[in-house]
Amino acid sequence: MLKKRYRLRKRGSFAYVRTHGTKYNDRYLTLGVVRGNCKLVGFVVSNKIGKAVKRNLVKRRMRGAVRELWTSIGSGQYIFSARTGITELGYAEIKERISALIAKACGVKGAAAENRT
RNA sequence: CGAGAUGACCGGACGGUUGCGACACGACUUGUUUGUGCCGAGGAAAGUCCGAACACCGCAGGACAGAACGCCGGCUAACUACCGGUGGAGGCGACUCCAAGGAAAGUGCAACAGAAAUAAACCGCCGAGUAAUCGGCAAGGGUGGAAAGGCGAGGUAAGAGCUCACACGGCCUUGCGGUAACGCGAGGCGCUAUGUAAACCCCGUUUGGUGCAAGAUCGAAGGGACAUGAGUUGUCCGCUCCCCCUUCUACAUCGCAUGAAUCUUACGGUAACGUAAGGUCAAGACAGAUAACCGUCCACGACAGAAUUCGGCUUACAGGUCAUUCUCGCCAG
RNA sequence: GCUGCUAUGGCUCAGUAGGUAGAGCACGUCCUUGGUAAGGACGAGGUCACCAGUUCAAGUCUGGUUAGCAGCU
């Protein structure tokens with residue numbers, strides 16, 4: 001599991017990433033990224049996903065996956081948003097999809113930075 | 001053996017690796033550090049439907065309105081909950097269910113059907129009359145959820161509680177039993193009275209508002225202003241205050257985890273529950289902590305995630321366990 | 001976490017002192033026109049979100065459930 005100090009926690013940070021970040025989409029996940037020196041990750045699981053038990057389960061799995069892939073992530077602020085239907089996936093699938101998104105984001109790092117400025 | 005009834009309980013287990021949150025004790029590089037120990041979701045944590053604690057609203061006052069409840073007795077911090085009884089309804093039964101005061105205080109409503117709906121005469125019956133028609137009656141028919149008690153006898157022109165009987169219904173008086181609701185009897189009164197109060201209402205009881213995003217501590221700017229205004233309920237009265245309003249920033253610390261707590265035993269009580277003794281401290285976050293993988297076993301795992309805290313209610317739920325428990329049916333002896 | 005509101009034909013809505021559920025648009029058939037639109041006539045379409053209760057009778061009254069919407073920060 002990810003320690004608290006590596007997680008994105010402030011309301012303002014979420015708003016910043018959402019408006020200024022580059023987005024990468026998947027069938028079940030959305031990733032928003034802003035480059036920076038520190039390395040912070042946030043998770044969004046909305047009410048649409050399900051009731052409290054399902055939401056918590058999804059959130060835990062996402063955190064667990066990110067922890068295992070921690071070394072492959074570059075510095076910056078990340079937000080993973082869950083989309084409807086994700087409750088049908090197992091842990092392994094979620095992990096695969098997250099790693100694919102991370103690869104995509106880190107691969108086009110330079111281009112994303114140019115577009116932003 | 002099968003079908004049920006009632007009450008209580010459990011809610012995968014064990015082991016290994018990696019990982020997360022709070023707390024305690026250490027370490028040194030003194031902080032977004034690290035090591036060890038210990039603890040870490042539920043019977044409903046849910047819905048937010050009642051009742052409280054606690055906090056604030058200057059005081060927490062009054063009246064009306066509004067709201068809730070409504071057989072009796074207990075229990076409780078409190079309650080509309082709970083327990084026991086009474087009455088009623090359902091079931092062959094064990095047993096279950098019931099917002100269960102007042103309809104002669106008043107008002108409203110009762111569609112359609114039906115002659116007529118709180119009111120009396122369509123068909124009908126009887127009498128008078130040649131007949132038209134007039135008078136008497138409410139037994140029978142039919143409508144309706146409901147038609148001025150039921151059934152029998154007497155009585156009559158025909159009929160009618162008009163009169164009488166009833167282990168019938170109602171009202172009044174009274175005896176016995178019960179704390180009481182009420183029950184079981186006795187006597188009297190021929191007896192007018194439909195339903196609806198989960199329609200307004202009447203009677204009785206209770207009730208100030210807002211809710212931990214309550215609130216306490218810590219800022220800045222702008223505007224109004226000496227009687228306006230404000231003081232969190234709809235209206236009014238009373239009382240009080242001198243400052244009030246708006247916007248923005250910050251989201252830290254406290255509130256915040258020992259409590260009407262819970263477990264065991266004993267005693268009292270039919271029970272809810274109470275009393276005494278002893279034991280236990282057992283989540284406390286603020287983008288919000290329980291996951292991933294593997295192995296073994298079985299019934300192959302449902303509903304579902306704490307957010308101020310308790311007592312209830314309601315709703316969801318795979319499967320399973322227990323009881324000198326209770327009922328019905330079938331078979332055998 | 002807390003507090004409110006709504007649910008009626010395909011769509012937008014009425015329906016207040018319980019008594020056989022209505023309007024507009026849309027839809028179908030016919031008339032009108034050389035044809036279309038407009039207009040006219042007729043018609044179909046409803047478990048009144050769901051489950052119980054009160055009542056002779058419930059869209060309406062009472063309790064519960066489920067969806068959806070809004071506000072408080």
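Per chain, numbering begins at 1; letters A, B, ... match sequence-line order.
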May I ask you to evaluate whether A:Arg63 reaches the phosphate of B:G288, defined as a side-chain N or O under 4.0 Å from OP1 or OP2? yes

Shortest side-chain distance from A:Arg60, nucleotide among B:C293, B:A289, B:U290: B:U290

With syn meaning chi within 90° of zero and anything else anti, the base of B:G16 is anti

Give the rounded distance in Å between these two atoms: CZ of A:Phe43 and C1' of B:C20. 13 Å

Rounded to the nearest Å, what distance is computed from the CD atom of residue A:Glu93 to the P atom of nucleotide B:A292? 14 Å

A:Phe43 side chain near A:Ile79 side chain, heavy-atom distance below 4.5 Å: no

For atom P, what is the distance between B:C313 and C:G53, given to the nearest Å? 23 Å

What integer distance in Å separates A:Leu69:CG from B:C293:P? 14 Å

Considering only atom C1', compute the distance from B:A181 to B:U315 and round it to an integer number of Å. 35 Å

Classify the glycosidic conformation of B:A41 as syn or anti, calling it syn when the angle lies within 90° of 0. syn

Euclidean distance for P, C:A67 against B:A304 (whole angstrom): 10 Å

Considering only atom P, compute the distance from B:A230 to B:C226 and round it to an integer number of Å. 16 Å

Work out how far the P atom of B:U275 is from that of B:G15, and round it to whole angstrom. 41 Å

